[in-house]
Amino acid sequence: MSQKISSIRGMNDILPTQTPLWQWLEARVRNLLQGYGYGEIRMPIVEHTELFKRSIGEVTDIVEKEMYSFDDRNGDSLTLRPEGTASCVRAAEEHGLLYNQVQRLWYAGPMFRHERPQAGRYRQFHQIGVEAFGMTGPDIDAELILMTARLWRDLGLQDKVVLELNSLGDSEDRARYRDALVGYLSQHADRLDEDSRRRLERNPLRVLDSKDAGTREVLRQAPRFDDYLGDEARQHFAELCAVLDAAGVAYRLNPALVRGLDYYGKTVFEWVTDSLGAQGTVCAGGRYDGLVSQLGGKPVPAVGFAMGIERLILLLEQGRPELPEAADLYLVSTVPPTASLVLAEQLRDMLPGVRIQSHCGGGSIKSQMKKADKSGARWALIVGEDELASGEISLKPLRGGGDQERIVRTDLAERLAALMKL
């Protein structure tokens with residue numbers, strides 16, 4: 001017997017018992033984004049490796065350790081996308097959607113990073129991302145945060161997440177802070193972990209992302225980013241906070257919040273939770289005004305965020321919402337399929353949107369009724385020889401009690417419509 005082939009570690013199947021909750025979540029996010037005027041864009045899963053090196057930054061864990069990169073048959077270096085922003089910028093720039101235009105875009109799909117798999121963090125994971133282009137003010141930053149706050153309320157997660165905010169200033173602000181940070185960390189280089197010592201020379205802001213306990217202790221006394229913000233960045237951040245205050249969105253300032261990608265500047269934010277253990281970020285983003293020009297386009301202001309679907313699913317499962325049944329009707333039949341399947345098709349024509357599952361494969365009425373009950377349907381429609389001869393259909397409630405009744409076939413659609421309040 002051949003050896004069975006299993007899935008790749010950290011790349012998981014999502015089974016039919018799990019997908020209803022995914023669909024429920026995705027539908028609510030989609031409806032929310034459409035309600036705010038955001039249009040969907042779909043990008044390829046594979047991009048040129050250079051796209052992520054130039055956008056994310058070569059001295060980052062993602063590029064150095066986590067990307068799935070390979071050479072194709074033409075010798076080009078390609079990468080399974082580890083995040084969506086760079087791909088979205090590339091696509092929008094390539095198709096002329098950015099310069100002197102305002103765009104509100106969103107996307108959804110799998111991302112790939114070679115990390116140690118753990119709950120809510122996998123090597124193939126799924127994100128929904130939002131990117132807004134062409135707007136410089138803090139109002140669009142605020143809109144994105146207000147939109148996510150509304151989503152948490154819609155999902156019933158508002159008590160499980162906390163908003164953290166910071167400003168990384170503009171490029172001049174970051175240069176001043178960089179010099180101060182390097183000066184401080186150089187005095188304590190012997191106490192830094194190996195990755196942080198290497199990054200101290202090439203990308204010192206990444207040291208702020210270190211999870212090493214010794215390095216975190218050194219950072220406790222490090223210069224604070226907000227002491228190096230210029231007037232413009234301070235005003236931008238103050239106006240953002242004023243909108244959130246007026247809208248009643250609570251937040252906490254986190255001066256150590258820098259995000260793990262090089263392209264951010266000014267506003268950065270994360271929605272975090274303590275309900276998932278150490279990996280507690282469920283949604284994060286910020287402003288990246290320099291990324292479009294960094295990737296070869298003309299300068300375009302931009303801001304966005306991404307949310308992790310797996311982590312949101314874990315939160316939702318802690319207080320699982322009531323989901324619709326798999327089917328409204330389960331058609332049980334002991335007559336030839338020319339009668340039962342035709343009946344199902346006629347009902348679908350007369351009752352658009354009603355979910356009808358027909359039993360296939362034969363079996364006794366008793367065994368079919370067991371499968372009808374297991375399907376989660378609300379009612380069973382029973383077509384036997386007696387019903388076929390009399391021109392009637394039996395309707396049996398499977399949920400919530402009630403008596404079985406026989407309905408004249410010509411009246412069936414009207415009766416079902418009344419029961420379902422269609």
Side-chain angles (χ1 to χ4, degrees), residues 6-30 33 40-47 49 51-52 55-57 60-70 78-91 105-131 148 151-152 155 157 160-161 209 211 259-261 263-264 268-286 304-318:
S6 60
S7 63
I8 299 169
R9 183 169 183 252
M11 299 187 179
N12 301 326
D13 302 306
I14 303 170
L15 303 179
T17 55
Q18 300 168 309
T19 52
L21 184 55
W22 282 67
Q23 294 167 347
W24 182 88
L25 169 61
E26 290 162 351
R28 273 151 184 78
V29 177
R30 184 184 304 110
L33 295 173
E40 184 182 7
I41 184 170
R42 301 189 181 193
M43 302 90 64
I45 289 175
V46 179
E47 299 272 9
T49 302
L51 172 67
F52 302 113
S55 60
I56 296 172
T60 58
D61 282 347
I62 295 175
V63 172
E64 290 182 326
K65 303 176 182 179
E66 299 171 0
M67 292 203 312
Y68 283 92
S69 299
F70 60 94
L78 306 180
T79 295
L80 296 175
R81 62 187 184 196
E83 59 98 36
T85 298
S87 292
C88 186
V89 170
R90 190 272 311 151
L105 305 174
W106 71 274
Y107 51 85
M111 311 292 167
F112 303 85
R113 297 183 193 177
H114 192 278
E115 300 183 281
R116 183 173 64 85
Q118 52 191 291
R121 187 170 188 167
Y122 308 109
R123 292 176 177 175
Q124 176 177 312
F125 58 100
H126 298 78
Q127 288 185 341
I128 294 177
V130 171
E131 317 292 350
T148 52
L151 177 62
W152 312 143
L155 299 177
L157 299 178
K160 290 182 176 289
V161 292
D209 262 345
K211 304 300 187 290
R259 302 292 298 122
L261 309 175
Y263 48 65
Y264 285 113
V268 288
F269 65 91
E270 291 187 357
W271 287 95
V272 299
T273 181
D274 59 7
S275 299
L276 298 178
Q279 300 299 331
T281 301
V282 296
C283 175
F305 67 79
M307 62 183 72
I309 301 302
E310 281 86 353
R311 295 184 184 181
L312 289 175
I313 292 292
L314 288 175
L315 286 178
L316 289 169
E317 286 177 338
Q318 294 176 3

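Note that the structure is a prediction, hence the values are computed from the model and not measured.
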Subject >> For the student: nearest non-hydrogen atoms of Phe125 and Phe112, plus distance >> reply: CE2-N, 3.9 Å
Subject >> Inter-residue atom distance Leu316.CG - Lys160.NZ, 0.5 Å rounding >> reply: 9.5 Å
**OP:** Write down the atom of Thr79, the atom of Ser69, and the distance for their closest heavy-atom approach.
**Re:** OG1-OG, 2.6 Å
Original post:
Which heavy-atom pair separates Gly84 from Gln127 by the least distance, and what is that distance?
Top reply: N-OE1, 4.4 Å
Original post:
Going by heavy atoms in the side chains, are Val282 and Leu276 under 4.5 Å from each other?
Top reply: yes
Original post:
In a check of side-chain hydrogen bond (donor to acceptor under 3.5 Å, both in side chains) between His126 and each of Arg311, Glu26, Glu310, which one passes?
Top reply: Glu310
Original post:
Heavy-atom distance under 4.5 Å between the side chains of Met111 and Ser87, does that happen here?
Top reply: no
**OP:** Go through the steps to decide whether Leu80 and Val46 satisfy the test side chain to side chain contact (heavy atoms under 4.5 Å, CB included), and finish with yes or no.
**Re:** CA-CA 5 Å; Leu80 296 175; Val46 179; 3.7 Å; yes
**OP:** Work out which heavy atom in Tyr107 is nearest to a heavy atom in Ile41; give both atom names and the distance.
**Re:** CB-O, 3.2 Å
**OP:** Decide yes or no for Pro110 and Ile45: does some side-chain heavy atom of the first lie under 4.5 Å from some side-chain heavy atom of the second?
**Re:** yes
Original post:
In Å and rounded to the nearest 0.5 Å, what is the CG to CZ distance from Leu51 to Arg81?
Top reply: 11.5 Å
Original post:
Between Tyr68 and Arg123, is a side chain to side chain contact (heavy atoms under 4.5 Å, CB included) present by the stated rule, with each step listed?
Top reply: CA-CA 10 Å; Tyr68 283 92; Arg123 292 176 177 175; 3.4 Å; yes
Original post:
Are there more than 12 heavy atoms of other residues, nucleotides or ligands under 6.0 Å from atom CG of Leu15?
Top reply: yes
Original post:
Measuring from Cys88:SG to Glu83:CD, what's the distance to the nearest 0.5 Å?
Top reply: 10.0 Å
Original post:
Which pair of heavy atoms, one from Glu131 and one from Gly304, lies closest together, and at what distance?
Top reply: OE1-CA, 3.4 Å
**OP:** State the CG-OG1 distance between Leu155 and Thr148, to the nearest 0.5 angstrom.
**Re:** 11.0 Å
**OP:** Look up atom CD in Gln18 and atom CD in Glu317, then write down how far apart they are to the nearest 0.5 Å.
**Re:** 7.5 Å
Subject >> Closest heavy-atom pair and its distance - Ser275, Gln318 >> reply: O-NE2, 3.2 Å
Original post:
From Leu312 CG over to Trp22 CH2, what is the distance, rounded to the nearest 0.5 angstrom?
Top reply: 9.5 Å
**OP:** Decide yes or no for Val29 and Ile309: does some side-chain heavy atom of the first lie under 4.5 Å from some side-chain heavy atom of the second?
**Re:** no
**OP:** Take Phe70 and Leu78, measure what side chain to side chain contact (heavy atoms under 4.5 Å, CB included) needs, and give me the verdict at the end.
**Re:** CA-CA 5 Å; Phe70 60 94; Leu78 306 180; 3.9 Å; yes
